[in-house]
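Okay, so here's the structure we're looking at.
No hydrogens, no waters, no symmetry mates; every other heavy atom, side chains included, goes into these values. The shown structure was predicted, so the numbers you read here are calculated from the model rather than taken from an experiment.
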Amino acid sequence: MMVEVRKEKNDKDKKRVNTRKNIHRKETEKDSSGKDKSLCPVSKKCGGCQFLDVPYEKQLKEKQRQVKELLKDFCKVYPIVGMEEPFHYRNKVHAVFGYRKGQAISGVYKEGTHTLVPVEQCMIEDINADEIISTIRGMLKSFKIRTYDEDTGYGFLRHVLVRRGFATGQVMVVLVTASPIFPSRNQFIRVLREKHPEITTIIQNLNDRETSMVLGDKEKVLYGKGYIEDVLCGCTFRISSKSFYQVNPVQTEKLYAKAIEAAGLTGQETVIDAYCGIGTIGIIASRKAGKVIGIELNQDAVRDAVFNARKNKIANIQFYTNDAGKFMADMAGQGERADVVFMDPPRSGTTEEFIEAVTKIKPKQVVYVSCNPQTLARDLKVFERKGYRAEGGWPFDLFPHTEHVECVISIQRKHI
Ligand code: SAH
């Protein structure tokens, strides 16, 4: 899977946009000129933090209300778990590079457009990552590196992606370039590392296509191991540039702990971790399970997952690169069974094929981790129809100041 342009944070449906605009208006203070004063000078243009100027307690209330509204017909919704320090929580930062009036700029595309809005520091991004991006921007002139121009196709540097393992301090910098030929490459890497000794790996990613995707397929490791590691719930995870990894590790630990608790594992169960990414949930759960099967579409993520199992000395887990729906349908076709299914699909939710297969594999317990309560509600309807009932929902604020909310849902088979 390619990493999508920053707008991954901005997908939304019209109804929710309207709700948040209303609360935004009421809460935003006015400055001396009578204009709205925001915590961030570019918040309106960027559009990533729809709730930034709403007091945090109120944001949580609003998310709780939204989830309750969507899940009220299915199950009890428990109080949302918020953050103590809801700023600078994002461990992954992406900046688009461009030019304005002869000056290199970096930032985000204005919501719904390809107009670049310069960003110096962001309220939700890791501060160190923002500093590294700013350093790179400052180095371009002396290295005569041109930023890429989307219209003409000229120029070299398109994007910079920085990922930091909060628990390990390891930092990955991905330089996304339009051409493989990197002028003064070694000198550039040396200077960048001198200015930021905390960087543990630097990767050049080639993206020479006209696309809104950030990362291309080809990569070259310029420095270090080509991945970083982080620690979650006592397990170590390697993360490569193209693998999915939750952006808010502080909240992710709470989310995973709840997901694993909801599974009610005793040490005997056959467990499926569908949409497993780098294997996080399955690896953490494996210590309390008989055996675990992880399924993931992205090959790089599966490679990380296999490495992660070995690194954590887990022997009772196997990973498969496949479409989760197709894999489950094959399992069901072969009459295979499982006791517990974890599922953590992308924002689009899962498929009827997947749910249909789950009901044939007959787990007593399904744990649905969702980053989109709308598609979650849609999928729960299908589960209900096919003999499964949601028993409880736990919202977690993984994305403070944005409209997004994550949920864990415990779903059980109606007739044992
Ligand atoms: N459970 C992991 C990853 C969740 S994100 C974690 O907590 O880190 C969703 C994952 O689903 C991504 O890794 C994405 O690559 C994968 N994915 C998307 N569509 C898929 C499909 N059809 N089948 C299997 N995996 C898919």
Side-chain angles (χ1 to χ4, degrees), residues 4-67 79-96 105-113 115-131 133-134 162 164 166 246-252 254-255 347 371-374 395-407:
E4 276 180 69
V5 177
R6 179 69 176 269
K7 284 185 208 81
E8 69 185 310
K9 284 200 290 178
N10 304 335
D11 290 342
K12 63 186 108 50
D13 73 79
K14 291 277 182 312
K15 208 161 129 215
R16 281 162 74 210
V17 178
N18 291 340
T19 338
R20 68 170 166 74
K21 264 192 185 147
N22 292 342
I23 55 171
H24 183 86
R25 287 273 147 68
K26 266 185 249 157
E27 290 301 322
T28 309
E29 288 175 44
K30 306 276 180 198
D31 65 15
S32 52
S33 67
K35 285 191 183 142
D36 287 348
K37 193 170 79 182
S38 174
L39 275 175
C40 167
V42 297
S43 74
K44 289 251 167 67
K45 286 183 185 159
C46 159
C49 295
Q50 302 87 0
F51 287 168
L52 186 63
D53 298 308
V54 176
Y56 189 53
E57 280 307 312
K58 205 159 184 179
Q59 294 182 24
L60 293 176
K61 269 199 185 138
E62 173 58 18
K63 291 186 186 186
Q64 179 81 18
R65 190 195 62 74
Q66 269 181 21
V67 174
I80 187 166
V81 178
M83 287 191 88
E84 266 170 47
E85 301 280 341
F87 292 99
H88 304 295
Y89 58 83
R90 276 186 73 94
N91 58 10
K92 181 175 101 176
V93 175
H94 159 239
V96 189
I105 55 170
S106 65
V108 294
Y109 285 127
K110 186 173 173 178
E111 211 185 353
T113 73
T115 310
L116 187 50
V117 179
V119 175
E120 192 59 43
Q121 208 196 68
C122 163
M123 295 301 291
I124 63 170
E125 290 170 355
D126 178 52
I127 294 175
N128 183 229
D130 280 346
E131 285 166 355
I133 288 166
S134 171
V162 180
R164 192 162 76 86
F166 281 9
Q246 288 285 7
V247 295
N248 184 341
V250 172
Q251 290 296 87
T252 299
K254 302 177 197 167
L255 174 87
R347 287 184 56 72
C371 56
N372 182 349
Q374 250 114 10
F396 288 84
D397 194 19
L398 255 65
F399 315 103
H401 310 295
T402 79
E403 63 189 352
H404 298 294
V405 57
E406 191 92 7
C407 292

(Q) Quiz question: by atom type and distance under 3.5 Å, do the side chains of Q251 and K254 form a donor-acceptor pair? (A) yes
Test item: [X] side-chain N/O and [Y] main-chain N/O as donor-acceptor pair under 3.5 Å:
X    : Y    : value
D126 : K92  : no
H88  : E125 : yes
N91  : Q246 : yes
Q59  : F51  : yes
D397 : L60  : no

Note, [X] side chain near [Y] side chain (heavy atom, < 4.5 Å):
X    : Y    : result
Q121 : I127 : yes
V119 : C46  : no
L398 : L255 : yes
Y109 : V96  : yes
V54  : E62  : no

**Q.** Partner of F399 under side-chain contact (heavy atoms from CB on, under 4.5 Å), chosen from I124, V247, N248, V405
**A.** V247
Please report the shortest heavy-atom distance between [X] and [Y], naming the atom on each side.
X    : Y    : value
L52  : S43  : CD2-CB, 4.1 Å
K45  : V117 : CB-CG2, 3.9 Å
P400 : M83  : CG-SD, 3.6 Å
P395 : Q64  : CG-OE1, 4.0 Å
M123 : C40  : CG-CB, 4.3 Å

Out of curiosity, [X] [atom1] to [Y] [atom2], how far, rounded to the nearest 0.5 Å?
X    : Y    : atom1 : atom2 : value
K44  : S38  : NZ    : OG    : 6.5 Å
C49  : E403 : SG    : CD    : 10.5 Å
Q66  : K61  : CD    : NZ    : 15.0 Å
R347 : N372 : CZ    : CG    : 4.5 Å

Q: Look at the rings of H401 and Y56 and say which category their plane angle falls in: under 30° parallel, 30 to 60° tilted, over 60° perpendicular.
A: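 Ring orientation of H401 relative to Y56: tilted.
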Q | Full working for side-chain contact (heavy atoms from CB on, under 4.5 Å) between I80 and V67 | A | CA-CA 9 Å; I80 187 166; V67 174; over 6 Å; no
